[in-house]
Amino acid sequence: MNFLQNWRKRHSTARGLAVAEAVREDPEGVAEVLSECELLRTRAWQSKLELDDSPGSLEALDQLPPRWRDDPEELPWLGNDAGLYLGTVIVRAVPGASWDVWPSGRPVVRLASGREIDVVDAGLSWATTGAPELFQVYAEASEA
């Protein structure tokens with residue numbers, strides 16, 4: 001996340017506070033960085049799946065064979081990307097949803113209701129066990 005690293009260097013504050021301030025100052029820039037999900041997009045493309053940031057792409061990801069589970073080094077990175085992608089879809093598709101950051105620096109999605117979704121945790125769980133399905137998390141967020 002070069003954007004956030006550069007921002008932190010300029011402002012020399014604690015990590016979590018720096019990320020939270022970046023979200024407030026440039027929410028679109030932060031959203032763009034969080035939506036990159038390069039590893040997940042590469043693995044999806046290798047499976048002939050184009051991730052278009054739509055809810056339907058979450059359903060398609062849920063159907064992929066979990067080959068990443070064979071690589072314990074890649075698993076947490078792919079899970080992190082899956083969570084950030086889930087968050088990207090929610091922010092783009094659910095009215096009033098936005099990125100926020102916990103004091104630890106962990107990105108979460110805040111719904112219009114005020115509820116926060118730890119999308120990174122959901123992505124890691126999905127990558128490791130297959131549950132909850134990414135589309136299920138999206139569907140619950142869209143109902144809130």
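Since we're looking at a predicted model, the values are computed, not measured. Quick note: numbers below take in every heavy atom, side chains included, and nothing from hydrogens, waters or symmetry partners. Along the sequence shown, the residues carry numbers beginning at 1.
Partners of W99 under the side chain to side chain donor-acceptor pair (under 3.5 Å) rule, at least two apart in sequence or in another chain, do not exist in this structure. Taking the salt bridge (Lys or Arg N to Asp or Glu O under 4.0 Å) definition, one finds that D121 meets it with nothing, sequence neighbours left out. With sequence neighbours excluded, no residue satisfies side chain to side chain donor-acceptor pair (under 3.5 Å) with E59. Applying the salt bridge (Lys or Arg N to Asp or Glu O under 4.0 Å) criterion to R110, with sequence neighbours excluded, gives D100, E116. By the side-chain contact (heavy atoms from CB on, under 4.5 Å) test, T42 pairs with E38, Q46, sequence neighbours left out. With sequence neighbours excluded, the residues satisfying ring pair (Phe, Tyr, Trp, His ring centres under 6.0 Å) with Y138 are F135.
R106 places a side-chain heavy atom less than 4.5 Å from the side chain of D118. Side-chain contact between V119 and V108 is absent, with no heavy atoms from C-beta onward closer than 4.5 Å. Contact check for E28 versus E32: no side-chain heavy atoms found under the 4.5 Å cut-off.
The two residues L64 and A44 come nearest to each other via the heavy atoms CD1-CA, 4.5 Å.
Annotation: the span from L58 atom CG to Q136 atom CD amounts to 12.0 Å, rounded to 0.5 Å. For the atom pair CG of L78 and CZ of R69, the computed distance is 10.0 Å after rounding to the nearest 0.5 Å. To the nearest 0.5 Å, atoms CG (N80) and CG (L40) are separated by 10.5 Å. To the nearest 0.5 Å, the span separating CG on D62 from CG on L134 amounts to 4.5 Å.
One N or O on the side chain of S142 and one on the backbone of A139 form a donor-acceptor pair closer than 3.5 Å. No donor-acceptor pair closer than 3.5 Å links the side chain of S47 to the backbone N or O of L49.
Atom CZ of R115 has more than 12 heavy atoms from other residues, nucleotides or ligands within 6.0 Å.
The salt bridge (charged side-chain N to carboxylate O under 4.0 Å, His left out) analysis of residues 70-81, with sequence neighbours excluded, yields the pairs R43-E74. Sorted by first and then second residue, the pairs that involve residues 50-82 and meet ring-ring contact (aromatic ring centres under 6.0 Å, His included), not counting sequence neighbours, are W68-W126. Counting only residues at least two apart or on different chains, no ring-ring contact (aromatic ring centres under 6.0 Å, His included) pair has a member in residues 32-64.
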Could you pull out all donor-acceptor pairs under 3.5 Å where a side-chain atom in residues 82-98 meets a protein atom, sequence neighbours excluded?
unit_1: Y85; atom_1: OH; unit_2: D53; atom_2: N; d: 2.8
unit_1: Y85; atom_1: OH; unit_2: S57; atom_2: OG; d: 2.5
unit_1: T88; atom_1: OG1; unit_2: L84; atom_2: O; d: 2.9
unit_1: R92; atom_1: NH1; unit_2: D53; atom_2: OD2; d: 2.1

